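It should be emphasised that the depicted structure is a prediction, and the values quoted were computed from it without experimental measurement. Lettering of chains follows the sequences in order, A, B, ..., and the numbering in each one begins at 1.
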There are 2 protein chains.
Amino acid sequence: MTLVEHSPLTRKLSAFVALSDVELAVLERLHQRRRSFVAGRDMVHQGQTARAAYILSAGWVCSYKLQADGTRQIVDFQVPGDFLGLRSVLLRTSDHSFEPIVDIEAAEVMTSDLLEAFAQTPRLATAILWAASRDEAMVVEHLVGIGRRGADARMAHFLLELGSRLALVGMGSKEGFECPLTQYHLADTLGLSAVHVNRVLRQLRESGLVTFRDGHVAFHDYGGLVELAEFDPAYLDQTGPLLK
Amino acid sequence: MTLVEHSPLTRKLSAFVALSDVELAVLERLHQRRRSFVAGRDMVHQGQTARAAYILSAGWVCSYKLQADGTRQIVDFQVPGDFLGLRSVLLRTSDHSFEPIVDIEAAEVMTSDLLEAFAQTPRLATAILWAASRDEAMVVEHLVGIGRRGADARMAHFLLELGSRLALVGMGSKEGFECPLTQYHLADTLGLSAVHVNRVLRQLRESGLVTFRDGHVAFHDYGGLVELAEFDPAYLDQTGPLLK
DNA sequence: CGGCTCGTTGAAAGGCCTCAAGTGGCGTGG
DNA sequence: CCACGCCACTTGAGGCCTTTCAACGAGCCG
């Protein structure tokens, strides 16, 4: 371990495998092409073919799908340390859009760079595939939540998952985390109306479980929330007790 | 094209890329280790680590996740030509279970066989990754459906998607298809109660759109269904007009 | 024949949505 | 400096969609 401050991605992957100095160097080199995007303007539009992937280093992004009737469904969020559009590079289609929620910083990664890094360090490849697999598991869990959980449990589960993900890159704890999302984001994520999101949040707050307010999430009764949501973080594959 | 009858997987991949005789041979060789499973008994349990993947050649399977309160959410179905557990081999976790809906035939594929095949024929690797990407897009679309479509549109969309998938392997058309699912399967898939599934099916039948009965789905008004579901098959990436 | 699964239907309850109105913070322009 | 508009949030009332509970019929198998 060096004293150099590592990127969020490095922090995240380190939770999965201990990376050697060489691997760390390769990883940091992937961050060379830095780019910024402003909040609100889509980075990638539905139907567009992406040529590069991004590693998010600061800010939040959501990926969503728009329907003919104007409603939208947010599929996933990306927070610092997450890949963005990894599949559309390794594979083919980008059938949803990406929107920065706040101004963001990201590193552009060309397909060739990535494949080269993979060839150099197989362990790094494994770690990145782990991250991709984890993203997929989160989408599945999201599906389960919308299909089979009531609005309050759904909300609780979502906030807990977000907390765990952020804890992995040092941006959250069992106390809470900073959160730039609006209640409309929550509604489009959880398949609820914005009005109902407001009511659910009030209920959770008045139950003394969690407060979502002024860009900050505060867990008041972590255990109680876990119970309400039936939150089992196994699918996140963050073996250890990271939230301490 | 030879006169030999090809496996469903071969049929499916051929819709994406034209495969050479060599590639066809490699693909067929992956089908060597044939296995059977009986209906109802899980092939892989939640939490278990899978060592192999399967190529489904006959029968239907569903992958689902069980919750603490006993409800279950079906994430996806596998029909002939589909991979099963591909991710848990290439990646790591198998966080959901697989249950054969009827007695099935499948070919067991060891990780090493797969990687060898990939090395021999890059185009085949591309085609298989296309299939994997398509599976992922279907999960996302499923998420959108549960989150943002009403029960009737959800049902219509599901049946249309299934029809398209089956058409790709010659098991369905715009007229309909054979379907071994029960209304309970539909309920667990669509995030509805079995009772409501029954009512929705009745309504669709009485509207003259589609009939689901006795193991058979009959499209009576394909265009009307497409309109109701706002079904845009772009995400299936089956470029051509396969349903003719 | 009894038990089981799958399907069907009715009635009542409840969760979530839509419509509607109103608050407060913040940036912009007169 | 204040008016204005916009956005995020808040709260109430009414209604629809979906669920739950309950009962019953049909087919299948031991």
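- Every residue meeting the side chain to side chain contact (heavy atoms under 4.5 Å, CB included) condition with A:Val197, not counting sequence neighbours, appears here in chain and number order: A:Met155, A:Gln183, A:Leu186, A:Ala187, A:Leu192, A:Leu201.
- Applying the side chain to side chain donor-acceptor pair (under 3.5 Å) test to every pair with at least one member in residues 185-194 of chain A, sequence neighbours left out, gives these pairs: A:Arg72-A:Asp188, A:Thr182-A:His185, A:Asp188-B:Arg148.
- One interatomic measurement links the two molecules: CG of B:Asn198 to C1' of D:dG25, which rounds to 13 Å at whole-angstrom precision.
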Which donor-acceptor pairs under 3.5 Å do the side chains of residues 204-213 of chain B make with protein atoms, sequence neighbours left out?
| residue | atom | partner | partner atom | Å |
| --- | --- | --- | --- | --- |
| B:Ser207 | OG | B:Gln203 | O | 2.6 |
| B:Thr211 | OG1 | B:His220 | ND1 | 3.3 |

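- The footprint of chain A on DNA chain C, defined by a heavy-atom cutoff below 4.0 Å, extends from C:dC16 to C:dC19.
- For the segment residues 199-218 of chain A, the set of residues with a heavy atom within less than 4.0 Å of an atom of DNA chain D comprises A:Arg199, A:Arg202, A:Arg213, in numerical order.
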Practice prompt. Any chance you could lay out the salt bridge (charged side-chain N to carboxylate O under 4.0 Å, His left out) test for A:Arg165 and A:Asp76, step after step, and finish with the verdict?
Written response: CA-CA 12 Å; A:Arg165 294 174 62 181; A:Asp76 202 1; 3.5 Å; yes
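- The ring pair (Phe, Tyr, Trp, His ring centres under 6.0 Å) test applied to A:Phe158 returns A:Phe77, not counting sequence neighbours.
- A salt bridge links A:Glu141 with A:Arg149: the distance from a Lys NZ or Arg NE/NH1/NH2 to an Asp or Glu carboxylate oxygen falls below 4.0 Å.
- Sorted pairs that involve residues 193-202 of chain B and meet salt bridge (Lys or Arg N to Asp or Glu O under 4.0 Å), not counting sequence neighbours, are lacking altogether.
- The stretch residues 181-197 of chain B touches DNA chain D through B:Gly191, B:Leu192, B:Ser193, B:Val195, B:His196, each having a heavy atom under 4.0 angstrom from the strand.
- Note on the helix from C:dC1-D:dG30 to C:dG30-D:dC1: terminal axis deviation equals 20°, with five pairs used at each end and the result rounded to 10°.
- Taking B:Arg35 as the reference, B:Glu108 meet the salt bridge (charged side-chain N to carboxylate O under 4.0 Å, His left out) condition, with sequence neighbours excluded.
- Considering SG of A:Cys62 and CD1 of A:Ile74, their distance stands at 4.0 Å, rounded to 0.5 Å.
- Within 6.0 Å of CD in B:Glu227 there are 12 or fewer heavy atoms belonging to other residues, nucleotides or ligands.
- Residues that satisfy the ring pair (Phe, Tyr, Trp, His ring centres under 6.0 Å) test with A:Phe37, not counting sequence neighbours, are A:Tyr54.
- Taking the side chain to side chain contact (heavy atoms under 4.5 Å, CB included) definition, one finds that B:Arg34 meets it with B:His31, B:Ser57, sequence neighbours left out.
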